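In what follows, a single structure is set out as structure tokens and then discussed.
Since the model is a prediction, treat every value here as computed from it, not as a measurement.
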Amino acid sequence: DGGCGQGPDFPVVGRYLARFVPRDPDGSVTEFGDLAARGCGRQALAYLKADVDNLGLMFSAGFTGSARDRRSISRLTTLSRSLEVFFSGYVQCLTAEADDVYTVYAGGDDLLLVGPWDRLVRFALCLRQEFGRYTCENPSWSMSAGLVLVGDKTPVLLAVQEADRRLEAAKAWPGRDVLPWSADWHPKMDEDPGKDRLVAFGTALPWQRATEALDRGEALLRWLGEGALSTAQVRRLLDYASLFQKWQRTGDVWCLRYAPMLVYDVRRNWKQAPREAREWAGSLSLRDSADMPILRFACEYALNGARSDEEERAKP
């Protein structure tokens, strides 16, 4: 205490630390198997890896302009500390409020989180929204993220590698359109990397479209839960989405046969479906359908959410 009872005789600087982990009622840390069981339908974990886009550029050029160079040690330090406050301080608040998101690390300008698959999908969208609020919706500030679903016994390092591959794609995929993602395909770089994306469920989406895709996935899941649709109907939609994505990757016009197949399917097999669902499914066959690019995301979300206990026990 420095010998006088007034505290240490060296400087002490406080800092935020994101370290929240879910706990059981007895206070012990929740194991991954129990954490996965909290998800809807499929008992799986999601790993979310995210970081700020163009941070080096922001530090090197963010304080310069046509008028004068405003760079200084104090401004650069303040910017660095502001990011630390968000990723170490505010993220701690968000994870504590969610109550089921495990913080592997969060600080500086990036993070790695683990949680029940469906809740972490929603958390990713909440995180981007809160980061936008924190930066006053400044378009110069953006965030990219990769999310992967795995079993609760998947080695952590392997899961992190898969999340990292998706994060790299989120930063590298060109333009602002919704594009397919696969480990063995890379789009032609006709445009600069769009960044500010989420890559999940085989799809690279700008955050606004990711919100739309989640809304559509939850609508499909609701119809499945109500018995208005069958999993077979949604699986066929997933097949059409796969054909559409193959056309996006290869340009093979034979893949466009998904459109007449979809029309035939809806007319024959969707007669008992709610009118809203029937009209939406029929609109997917239109050339300018806005939902076709996000269909794979929506279908995979709904099918994972609707997986029964029997299917879960029977999975390899």
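- Heavy-atom neighbours of Glu31 CD from other residues, nucleotides or ligands within 6.0 Å: at or below the threshold of 12.
- Of all non-hydrogen atoms in Phe32 and Asp152, the two that sit nearest each other are O-CB, 3.7 Å.
- The hydrophobic cluster containing Phe87 also contains Phe123, counting ILVMFWY residues as joined when their side-chain heavy atoms lie under 4.5 angstrom apart, directly or transitively.
- Counted within 6.0 Å of CZ on Arg23, heavy atoms from surrounding residues, nucleotides or ligands total more than 12; the atom is thus considered enclosed.
- Side chain of Thr154 to main chain of Gly151: a donor-acceptor pair is present (N/O by atom type, distance under 3.5 Å, no hydrogens or angles).
- One finds the CG atom of Leu229 at 10.0 Å from the CZ atom of Arg222 (value rounded to the nearest 0.5 Å).
- Gln129 is not listed as a side-chain neighbour of Trp207, based on a closest heavy-atom distance of 4.5 Å or more.
- For Ser88 against Tyr16, the heavy-atom pair with the smallest separation is CB-O, 3.6 Å.
- Salt bridge present: Glu162 and Arg166 bring a charged side-chain N and a carboxylate O closer than 4.0 Å.
- The shortest side-chain heavy-atom distance between Met143 and Asp51 does not fall under the 4.5 Å cut-off.
- In this structure, Asn138 contributes its side chain and Ser140 its backbone to a donor-acceptor pair below 3.5 Å.
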Item to check | Derivation of the side chain to side chain contact (heavy atoms under 4.5 Å, CB included) call for Leu127 and Leu111 | outcome: CA-CA 11 Å; Leu127 177 70; Leu111 54 77; 3.7 Å; yes

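- Centroid-to-centroid, the aromatic rings of Phe297 and Trp181 stay 6.0 Å apart or farther.
- Between the NZ atom in Lys246 and the CD atom in Gln248 there is a gap of 13.5 Å [rounded to 0.5 Å].
- Under the 4.5 Å side-chain criterion, counting only non-hydrogen atoms from C-beta, Pro22 is in contact with Leu35.
- Shown here are the side-chain contact (heavy atoms from CB on, under 4.5 Å) partners of Asp99, two or more places apart in sequence or in another chain: Phe20.
- A donor-acceptor distance shorter than 3.5 angstrom exists from the side chain of Ser60 to the backbone of Gly56, with no hydrogens or angles considered.
- Atom-to-atom distance recorded for Asp100:CG and Glu97:CD is 11.0 Å, nearest 0.5 angstrom.
- With hydrophobic clusters built from ILVMFWY side chains whose heavy atoms lie under 4.5 angstrom apart, Leu198 shares a cluster with Leu120.
- Using a cutoff of 4.0 Å between basic side-chain nitrogens and carboxylate oxygens, Asp265 and Arg236 are scored as salt-bridged.
- Atom OG in Ser230 sits 12.0 Å away from atom CD in Gln272 (nearest 0.5 Å).
- Interatomic distance, Ser80 OG to Phe59 CZ, rounded to the nearest 0.5 Å: 4.5 Å.
- Each of Arg128, Lys195, Lys171 was compared with Asp53 under the salt bridge (charged side-chain N to carboxylate O under 4.0 Å, His left out) criterion, and only Lys171 meets it.
- Note on Val121: it does not cluster hydrophobically with Val150, by side-chain heavy-atom contacts below 4.5 Å among ILVMFWY residues.
- One finds the CG atom of Leu205 at 10.5 Å from the CZ atom of Arg176 (value rounded to the nearest 0.5 Å).
- Counting all heavy atoms, side chain and backbone alike, Ala170 lies closest to Arg197 at O-CD, 3.6 Å.
- A donor-acceptor contact shorter than 3.5 Å links the side chain of Thr203 to the backbone of Phe201.
- In this structure a side-chain-to-backbone donor-acceptor pair under 3.5 Å is missing from Trp247 to Arg257.
- Judged purely by distance below 3.5 Å, without hydrogens or angles, the side chains of Asp291 and Trp280 pair a donor atom with an acceptor atom.
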Item to check | Met292/Leu286 under side chain to side chain contact (heavy atoms under 4.5 Å, CB included): CA gap, chis, key distance, verdict | outcome: CA-CA 9 Å; Met292 198 64 203; Leu286 300 177; over 6 Å; no

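- The side-chain heavy atoms of Leu83 and Leu55, taken from C-beta on, include a pair separated by under 4.5 Å.
- Tyr47 has its side chain out of reach of Val104: every pair of non-hydrogen atoms, C-beta onward, lies at least 4.5 Å apart.
- Under a cut-off of 6.0 angstrom, the local environment of CG in Leu57 is crowded, with over 12 non-hydrogen atoms contributed by other residues, nucleotides or ligands.
- Judged purely by atom type and a 3.5 angstrom limit, Thr78 uses its side chain to pair as donor or acceptor with the backbone of Ser74.
- When every heavy atom of Glu84 is checked against every heavy atom of Gly107, the shortest pair comes out as OE1-C, 3.8 Å.
- For the residue pair Arg235 / Thr231, a side-chain donor-acceptor distance below 3.5 Å is found, with atom types taken as modelled.
- With contacts defined as side-chain heavy-atom distances shorter than 4.5 Å, the pair Arg19/Thr103 does not qualify.
- For the pair Asp164/Glu168, a side-chain contact is recorded, criterion being any heavy-atom separation below 4.5 Å from C-beta on.
- Using the six-membered ring where Trp is involved, Phe86 and Tyr134 have ring planes that are tilted, between 30° and 60° apart.
- Judged purely by atom type and a 3.5 angstrom limit, Glu300 has no side-chain atom pairing as donor or acceptor with the backbone of Gly202.
- Under the 4.5 Å side-chain heavy-atom criterion for Ile, Leu, Val, Met, Phe, Trp and Tyr, Val160 and Val91 are members of distinct hydrophobic clusters.
- A donor-acceptor contact shorter than 3.5 Å links the side chain of Thr135 to the backbone of Phe131.
- Counting heavy atoms from C-beta on, the side chains of Leu17 and Gln92 never come closer than 4.5 Å.
- Annotation for Phe244 and Pro293: closest pair CE2-CA, 3.7 Å, computed over non-hydrogen atoms.
- By the 4.0 Å N-to-carboxylate-O rule, Arg38 lies too far from Asp34 to be salt-bridged with it.
- Using the six-membered ring where Trp is involved, Trp117 and Tyr301 have ring planes that are perpendicular, over 60° apart on the 30 and 60° scheme.
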Checklist entry - Run the side chain to side chain contact (heavy atoms under 4.5 Å, CB included) check on Ser289 and Leu295 step by step: do they pass? => result CA-CA 10 Å; Ser289 170; Leu295 183 60; over 6 Å; no

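- Under the 4.5 Å side-chain heavy-atom criterion for ILVMFWY residues, no single connected hydrophobic cluster contains both Trp141 and Leu167.
- The shortest heavy-atom contact between Arg209 and Ile294 is NH2-CG2, 3.6 Å.
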Item to check | side chain to side chain contact (heavy atoms under 4.5 Å, CB included) between Arg42 and Leu149, intermediate numbers included | outcome: CA-CA 10 Å; Arg42 178 184 177 187; Leu149 271 64; 3.9 Å; yes

